[in-house]
Amino acid sequence: MRAFFQRKRRIVVILVLLIIGATGIKAYSDKDKYFEIAKNLDIFAAFYRELNTYYVDDLPPEKLMHKGIDAILEETDPYTDFIPEENLDELKFMATGKYGGVGISVITDSIRTVVTDIYEGSPMDKAGVKTGDLILSLDGKSTQDMDQDDISHMLKGVPGTTLKMVIKNPSTGVETAKIITREEINVKPVSYSGIVGNDIGYIRMTQFTENSGDAVSDAFTLLKKDHPTLKGVILDLRGNPGGLLDEAVLVANIFVDKNKVIVSTKGKVKNWDRDYKTEGNAIDARIPLAVLTNRSSASASEIVAGAMQDLDRGVIIGQRSFGKGLVQTTRPLPYNAKLKVTTAKYYTPSGRCIQAIDYSHRNDDGEVESVPDSLRKSFNTADGRKVRDGGGIEPDDAVDPTLLSQVTVTLLRRQYIFDYATQYYYSHPKIAAAGTFTLNEDDFTDFMHYLDGRNYSYKTRSEEALENFQATARKEKYYDAVSKEFDALQAKMKHDKKQDLLKNKTEIKHLLEEEISNRYYMQKGRIAQSLVTDNEVTEAVKVLHDSQRYQQLLH
């Protein structure tokens with residue numbers, strides 16, 4: 001027995017020595033690391049001092065330092081960034097959804113600058129400016145040859161300041177001078193809420209900024225009040241890039257009762273690791289819920305979608321989300337600059353991190369890659385369903401994304417759908433309510449006549465593939481042997497623009513209806529009209545109306 005205790009004591013001593021040794025190695029390693037940092041900072045400072053003193057030409061210090069910072073940031077992920085004082089408004093907008101400006105979106109092609117959207121109740125809306133109007137000048141400067149960034153910069157500014165502009169009506173050609181007083185513009189996190197499928201609530205979120213949780217809560221509460229027989233609710237997070245983590249937890253709390261972990265964060269600074277739990281009672285913890293995601297749903301959107309999936313609280317419908325499982329914190333720097341730095345990864349309730357790209361391991365050329373499927377691990381939801389990490393939130397019910405034809409993409413790029421909607425607005429005093437408006441056959445024929453003489457030439461994907469084949473065949477000296485067959489195939493596949501318009505009439509017509517609805521009912525009208533033909537929304541309504549299928553997807 002004594003020998004046993006002596007052996008046990010020796011094992012304990014060895015373990016203690018190993019622990020002390022490991023601690024010593026770590027301490028030495030940290031000390032060595034910080035020595036290397038200090039050493040190289042000294043070298044860098046001396047290098048710049050000597051270069052600045054003796055280089056034949058003057059070097060701009062700020063520009064040079066920013067290039068150095070940019071080079072360092074290339075070794076990190078794209079979410080870690082240096083933000084100088086002059087760009088802090090962008091950081092504020094990301095957190096609050098607020099900025100100083102006139103409340104419009106514009107597009108410019110260096111020849112004309114067109115108003116593409118107007119925020120309801122904004123200074124431009126109050127001034128009577130319409131979507132489709134042309135902006136000829138800003139504070140006496142012609143907008144011709146101005147780029148998008150310069151125009152955007154001039155439109156924004158401190159609330160209370162004024163902006164002089166000359167607006168041209170696209171229908172009458174009348175030019176009007178206006179003086180617009182900038183205000184604080186608050187881009188609402190809930191861009192639309194309403195009813196689809198007669199008894200299904202629908203809420204679209206565009207971002208997770210301050211008070212997003214309250215905005216969704218208010219929208220949902222009003223839907224329940226106005227429609228007591230509500231059978232389910234759709235939370236649309238498609239295209240939502242995320243935002244504040246705390247707001248994601250508050251949104252989840254609307255549908256999940258208190259004291260449930262929604263997300264956990266883990267990083268280098270262990271004192272910052274935290275479990276984020278719901279703190280209040282849910283507004284409705286039982287109503288059937290569908291969350292819509294696509295490849296542009298990221299960050300806080302994925303926190304909400306991942307929590308609903310892991311807790312088996314709702315079904316995820318659409319496409320796999322973006323896969324951003326990284327948390328950023330802002331740190332103060334001298335002269336009012338900021339460092340936005342990734343400090344942690346977040347984990348859904350099942351314990352999975354959905355980060356899709358591994359920035360910690362780079363190829364020899366510096367490129368990063370997505371986590372391969374072979375390395376993705378499985379986790380279990382509350383009821384035992386299998387879910388995986390490392391690649392965004394996979395939908396429970398996958399719906400293929402809507403892909404537009406080449407002719408439709410060309411019409412959008414050349415602004416022909418936009419311009420026709422403007423023309424339609426000035427020739428039709430009113431239209432049916434958004435969501436019920438339709439173009440008739442004569443309207444579409446009129447649109448085709450509108451396109452007569454306008455250039456919307458394009459290459460179909462098939463034509464591009466044929467050209468690539470031809471180039472490869474010539475290079476490999478096979479073309480002469482198949483040239484006759486190739487010419488015959490090319491002739492058969494050559495597209496007819498008017499036939500392409502008719503072939504893709506349905507999708508073009510729907511886009512025209514959305515754009516025209518925007519002229520009369522602004523952004524809410526565009527969204528209401530788009531829901532009529534939205535495949536993911538249609539699928540969500542079907543699932544929420546079919547309780548058996550809904551339960552099958554959750555188990």
Side-chain angles (χ1 to χ4, degrees), residues 73-83 90-91 93-95 97 189 205-210 212-213 235-252 261-268 272-276 291-310 316-331 338-362 367-373 375-377 379 387-395 398 401:
L73 290 174
E74 285 180 6
E75 297 300 312
T76 67
D77 60 56
Y79 313 109
T80 296
D81 199 10
F82 168 71
I83 304 169
E90 295 176 18
L91 189 64
F93 175 70
M94 290 170 61
M205 280 193 76
T206 56
Q207 58 195 351
F208 285 82
T209 48
E210 287 179 1
S212 293
L235 180 63
D236 191 348
L237 300 179
R238 292 174 299 174
N240 186 323
L244 301 178
L245 184 149
D246 288 333
E247 296 297 332
V249 177
L250 291 173
V251 170
V261 174
I262 300 300
V263 63
S264 303
T265 58
K266 299 175 185 177
K268 183 187 290 184
W272 290 359
D273 291 356
R274 181 180 166 188
D275 291 336
Y276 291 81
V291 180
L292 306 186
T293 62
N294 64 9
R295 293 298 296 176
S296 299
S297 305
S299 187
S301 292
E302 295 173 295
I303 289 175
V304 173
M308 297 305 102
Q309 189 174 60
D310 284 4
I316 313 302
I317 295 176
Q319 298 94 47
R320 183 191 290 190
S321 64
F322 181 79
K324 179 181 180 290
L326 305 175
V327 183
Q328 284 73 48
T329 305
T330 56
R331 304 291 298 167
K338 298 280 187 183
L339 169 64
K340 181 163 72 75
V341 56
T342 298
T343 53
K345 295 180 179 179
Y346 74 72
Y347 298 80
T348 65
S350 66
R352 56 182 170 144
C353 178
I354 52 82
Q355 176 63 26
I357 298 176
D358 184 3
Y359 293 105
S360 61
H361 297 91
R362 294 177 180 268
E367 292 297 311
V368 292
E369 294 182 353
S370 298
V371 177
D373 281 348
L375 295 181
R376 296 178 65 196
K377 299 176 184 176
F379 295 79
V387 290
R388 296 198 297 168
D389 68 357
I393 304 297
E394 295 184 53

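The structure displayed is predicted, hence computed values, not measured ones.
Between the Asp389 side chain and the Lys377 main chain, a donor and an acceptor come within less than 3.5 Å of each other. Using a distance-only test at 3.5 Å, with no hydrogens or angles considered, no donor-acceptor pair links the side chain of Ser321 to the main chain of Asn294. No side-chain donor-acceptor contact under 3.5 Å links Asp246 to the backbone of Val249. Here the side chain of Gln309 pairs a donor or acceptor atom with the backbone of Glu394 at under 3.5 angstrom. In this structure, the side chain of Ser350 does not engage the main chain of Asp310 through any donor-acceptor pair within 3.5 Å. Looking only at distances, no side-chain donor or acceptor of Ser212 sits under 3.5 Å from a matching main-chain atom of Pro189. No donor-acceptor pair closer than 3.5 Å links the side chain of Glu247 to the backbone N or O of Glu210.
Taking both residues in full, the closest heavy atoms of Phe93 and Thr209 are given as O-CG2, 4.0 Å, listed atom of the first, atom of the second, then distance. The shortest non-hydrogen separation linking Leu292 to Ser297 is O-OG, 4.5 Å. Here the closest non-hydrogen pair linking Gly318 and Pro395 is O-CG, 3.4 Å. Taking all atoms of both residues into account, the shortest heavy-atom contact from Asn240 to Gln207 is ND2-N, 3.2 Å. Residues Phe82 and Leu73 approach most closely at N-CD1, 3.6 Å, considering heavy atoms. Pairing each heavy atom of Val371 with each of Arg376, the nearest pair is CG1-CG, 4.1 Å.
Under the 4.5 Å side-chain criterion, counting only non-hydrogen atoms from C-beta, Ile393 is in contact with Ile354.
For the pair Lys324 and Glu302, the salt-bridge criterion is not met [side-chain N within less than 4.0 Å of a carboxylate O]. For Lys340 and Glu90, the salt-bridge test fails: no basic side-chain N is under 4.0 Å from an acidic carboxylate O.
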Give the intermediate values and the outcome of side-chain contact (heavy atoms from CB on, under 4.5 Å) for residues Thr330 and Ile83. CA-CA 10 Å; Thr330 56; Ile83 304 169; 5.6 Å; no
Evaluate side-chain contact (heavy atoms from CB on, under 4.5 Å) for Val304 paired with Phe208, printing each intermediate quantity in order. CA-CA 11 Å; Val304 173; Phe208 285 82; 3.9 Å; yes
Full working for side-chain contact (heavy atoms from CB on, under 4.5 Å) between Asp373 and Arg388: CA-CA 9 Å; Asp373 281 348; Arg388 296 198 297 168; 4.1 Å; yes
Run the side chain to side chain donor-acceptor pair (under 3.5 Å) check on Ser264 and Asp275 step by step: do they pass? CA-CA 4 Å; Ser264 303; Asp275 291 336; 2.7 Å; yes
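Interatomic distance, CG of Asp273 versus OG1 of Thr265, reported as 6.0 Å (0.5 Å rounding). In this structure, CD1 on Ile357 lies 5.5 Å from CZ on Phe322, to the nearest 0.5 angstrom. A distance of 9.0 Å separates OG of Ser299 from CG of Leu244, quoted to the nearest 0.5 Å. Taking CZ from Arg320 and CZ from Arg295, the interatomic distance works out to 6.0 Å, rounded to the nearest 0.5 Å. Between atom CZ of residue Arg238 and atom OG1 of residue Thr206 there is a gap of 13.5 Å, rounded to the nearest 0.5 Å. Phe379 contributes atom CZ, which lies 7.5 Å from atom OG1 of Thr348 (distance to the nearest 0.5 angstrom).
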